[in-house]
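Quick caveat: nothing in here was measured; it's all calculated off a predicted structure. Worth knowing before you read on, the calculation uses all heavy atoms, side chains too, and leaves out hydrogens, waters and symmetry mates. In what follows, chains carry the letters A, B, and so on, assigned in the order in which the sequence lines appear, proteins first and then strands, with residues in each chain numbered from 1.
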Amino acid sequence: MSEPFYITTAIAYPNGKPHIGHAYEAIATDAIARFQRLMGRDVRFVTGTDEHGLKMDQTARAAGKATRDLADEMSSYFKEMCHTLDISIDHFCRTTSDHHHKASQAIWKRLEAAGDLYLDRYEGWYSVRDEAYYDETELTEGEGGQKLSPQGTPVEWTVEESWFFRLSKYEQPLLEYYGAHPDFIRPDSRKNETVKFVEGGLKDLSVSRTSFDWGVKVPGSENHVMYVWLDALTTYISAIGFPDDTEEWRKFWPANVHIIGKDIVRFHTVYWPAFLMSAGLPLPKQVFGHGFLLSRGEKMSKSLGNVVDPMQLAELFGVDALRYFLLREVSFGQDGSYSPEAIVTRVNADLANSFGNLAQRTLSLIFKNCEGYLPAIRGHNDDDTALLDLVGATVSQHIPAHYEDLAMSQGLESWMQAVFACNAYVDVQAPWALKKTDPERMETVLATLFICIAQLAIAALPIIPGSATKLLDQMGVPLDVRNFHAAGSHWYSPLAESNYQIAQPVGLFPRLEMPAEEGTAA
RNA sequence: GGCGAAGUAGCUCAGCUGGUUAGAGCGGUGGAAUCAUAAUCCAUAGGUCGGGGGUUCAAGUCCCUCCUUCGCUACCA
């Protein structure tokens, strides 16, 4: 039985259409999930939408829609995005589903049974306009001493009945857990922030609201709905069966890793583990907070008008080009910068010029000089074995090690080095010249290249699944070879001896044109 | 204000526990080649490693200080 691997993205809040940040997270998580499958693990990959809470309600009202309808519509965009970007999810969950409500109420009851919930009053400066509480320190003084929110709206001291979670009780347990599990929070910068935050002391958390009703009803307090985060985080377990004692649930929980944005690290590294501890459930093994994508080094925002639609980018440059760019160019865990020029430059240099051209020139030579039949190997010389060793080590060791560590950009850097080595090898061996002087040697050279290219395509499957698969299809590489364990096995000769014949090769990594200047997305 | 991260070639960045002439990709320059998506290969570019001070036989790599940028500093999500 293969080892389980459970991975999730954050559950997106769909009060708007998906933006590039959602796409980035989905793509990165997908690459990891695909990699783990190619390592032979039994993967569960979950994403979804977190549809409760005040903002959904407000957004729907502003649009003159029923909240439910807005949720349905918005959620569908996220699902569509997954489909378009080749995100290999196993399950798309919605917090509005009946099962999820049941799960959220189940975890609530567990917190209650643990004695960690109590009814009290939540008091604070409340802005009716914003429908939000603000801390005293955030307020400014307006005319006539009127206190104002950061948005400039008037606030009033308000008292609301609320259920509280004894977060303070978990201060020490959390700190101990962080200490005992140094990889629980990554990258380190996020861990440091979290540890400092918890060391600074935890206050109990208000976990129910009475000011609106778009949410999961609190068991026994029907006028309360659960705090959105409590319900949203529960998705990670409801998606695989909780509270039912299913085989899937037993197999996949605790999750191997939650991939989330750096802005919601606290919810996942403080609240979520505390809830789980209280509920008597195991904690996820890791929470990884990735960085943000910046547009030409600037934060994207609606007011700046530089928000990018990921669907548009995928259409403009191609899904795999977009995926490759994001995973190669952005160091996972750090912020990254995006621009059309950067995508075009990177993709052309790496995919079109280096790898795509390598495949094209090699397959063309085989097609023309060998009638498409895979050339025979007649003894490797030192150059051949050096290349095979380098590519073999890269594909079987270096790249998996980096991917395993969620360092996709470094894995791809190794990948490119191997691609460079192949191109250098082609130039030195010059098979087009050998055609006349030593046809047998030419065959060996082309066979060597064929093997290397196939291995490199396999290593690229998690990143650019569509085009890598097409390339492997063109090359006739059997499906059972397309994983990290079998890539280095002895599959070439059997394939060649099966008289597999390649067709005229078709370029799979086109050079991109710079999009016409139409100013920035303003 | 407090805590933390970062400032390395034109650009984007690697440089772990201090140790030969500071690295890569892209760009630029000069060659080679012509199988291939005008793609490739080879060579090269002399950057006070933010400023200053210190520890050490030896510092981009440790300590202090200053400058700059950024993140966190709880209940919208």
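The partner of B/A58, taking Watson-Crick or G-U wobble pairs whose two distances both stay under 3.5 Å, does not exist in any strand shown. In a base pair of the Watson-Crick type (N1 to N3 plus N6-O4 or O6-N4) or a G-U wobble (N1-O2 and O6-N3), with each distance short of 3.5 Å, B/A14 is matched with no nucleotide. Searching all strands for a Watson-Crick or G-U wobble partner of B/C76 with both distances below 3.5 Å returns nothing. In this structure, B/G7 and B/C67 make a Watson-Crick or G-U wobble pair, each of the two defining distances being under 3.5 angstrom. Base pairing of B/U20: no nucleotide in any strand meets the Watson-Crick or G-U wobble criterion (both distances under 3.5 Å).
Base engagement by A/Gly356 is indicated by at least one non-hydrogen atom pair under 4.0 Å involving a base atom. Within the 4.0 angstrom heavy-atom criterion, no nucleotide atom of any strand lies near A/Lys435. A/Phe197 comes within contact range of at least one nucleobase, with a heavy-atom separation under 4.0 Å. If you check every strand for non-hydrogen atoms under 4.0 Å, A/Gly291 touches nothing. Residue A/Asp50 is in sugar-phosphate contact alone, with no base atom involved, counting any heavy-atom pair closer than 4.0 Å across all strands shown. Across all strands shown, A/Phe509 has heavy atoms under 4.0 Å from base atoms, whether or not it also approaches the sugar-phosphate. The residue A/Ala424 sits close only to the backbone: its heavy atoms come under 4.0 Å of sugar-phosphate atoms, none of a base. In this structure, A/Ser206 reaches the bases: a heavy-atom distance under 4.0 Å links it to at least one base atom across the strands shown. In this structure, A/Leu202 reaches the bases: a heavy-atom distance under 4.0 Å links it to at least one base atom across the strands shown.
In this structure, A/Arg511 reaches the B/A39 phosphate: one of its side-chain N or O atoms is under 4.0 Å from OP1 or OP2. Contact check, A/Gln334 against B/A14: a side-chain N or O comes under 4.0 Å of OP1 or OP2. For A/Lys262 and B/C72, the shortest distance from a side-chain N or O to OP1 or OP2 is not below 4.0 Å. Between A/Arg266 and B/U73 there is a side-chain N or O to OP1 or OP2 distance below 4.0 Å.
The listed nucleotides are B/C35, B/C75, B/A77; the one nearest the side chain of A/Leu205 is B/C75. Distances were taken from every side-chain heavy atom of A/Lys203 (C-beta onward) to each of B/C26, B/U40, B/C75; the shortest belongs to B/C75. Of the candidate nucleotides B/C42, B/A77, B/U40, B/A77 has the atom nearest to the side chain of A/Tyr227. Nearest nucleotide to the A/Leu167 side chain, out of B/U12, B/A33, B/A74: B/A74. The side chain of A/Trp229 has B/A77 as its nearest neighbour among B/A77, B/C41, B/A36. Comparing B/C75, B/C76, B/G71 by their nearest atom to the side chain of A/Glu193 picks out B/G71. The nucleotide whose nearest atom lies closest to any side-chain atom of A/Asn423 is, among B/A74, B/C41, B/C35, B/C41.
Between A/Tyr271 and A/Phe267, the two ring planes are perpendicular [angle over 60°; tilted spans 30° to 60°]. Between A/Phe165 and A/Tyr170, the ring-plane angle classifies as parallel under the 30° and 60° cut-offs.
Counting atom types as modelled, A/Lys196 pairs no side-chain N or O with a base atom of B/C3 as donor and acceptor under 3.5 Å. Between the side chain of A/Asn353 and the base of B/A39 there is no donor-acceptor pair of N/O atoms closer than 3.5 Å.
Taking atom P in both B/G27 and B/G52, the straight-line distance is 34 Å, to the nearest Å. Annotation: B/A24 and B/C41 have their P atoms spaced 15 Å apart (nearest Å). Between B/G28 and B/G46, the two C1' atoms lie 15 Å apart (nearest whole Å). Distance check on atom P: B/C16 versus B/G53 gives 24 Å, rounded to whole Å. Atom name P, nucleotides B/C63 and B/G19: the rounded distance is 15 Å, in whole Å. Separation of the C1' atoms belonging to B/U17 and B/U21 is 24 Å when rounded to the nearest angstrom. Across B/C57 and B/G18, the matching C1' atoms stand 13 Å from one another, rounded to whole Å. Distance noted for atom P between B/A39 and B/G7: 34 Å (whole Å).
Nearer to the 5' terminus of RNA chain B, by closest-nucleotide assignment, is the contact made by A/Asn192 (compared with the other of A/Asp204 and A/Asn192).
When atom types are taken as modelled, the side chain of A/Thr235 and the backbone of A/Ala232 share a donor-acceptor pair closer than 3.5 angstrom. Checked by atom type and distance alone, the side chain of A/Ser238 never pairs as donor or acceptor with a backbone atom of A/His100 at under 3.5 Å. At distances below 3.5 Å, not a single donor-acceptor pair connects side-chain atoms of A/Asp116 with backbone N or O atoms of A/Arg166.
One can place CZ of A/Arg186 at 19 Å from C1' of B/G71, the figure rounded to the nearest angstrom. To the nearest angstrom, P of B/U12 lies 12 Å from CG of A/Leu294. Spacing between atom NE2 of A/His268 and atom C1' of B/A77 amounts to 11 Å, rounded to whole angstrom units. Following rounding to the nearest Å, A/Arg61 (CZ) and B/C76 (C1') show an atom-to-atom distance of 14 Å.
Under a cutoff of 6.0 Å and an axis angle of 45°, A/Lys262 and A/Phe292 form a cation-pi pair.
The closest side-chain donor-acceptor pair between A/Glu160 and A/Ser162, if any, does not fall under 3.5 angstrom.
No close placement of the A/His52 and A/Trp229 rings is indicated, their centers lying 6.0 Å or farther apart.
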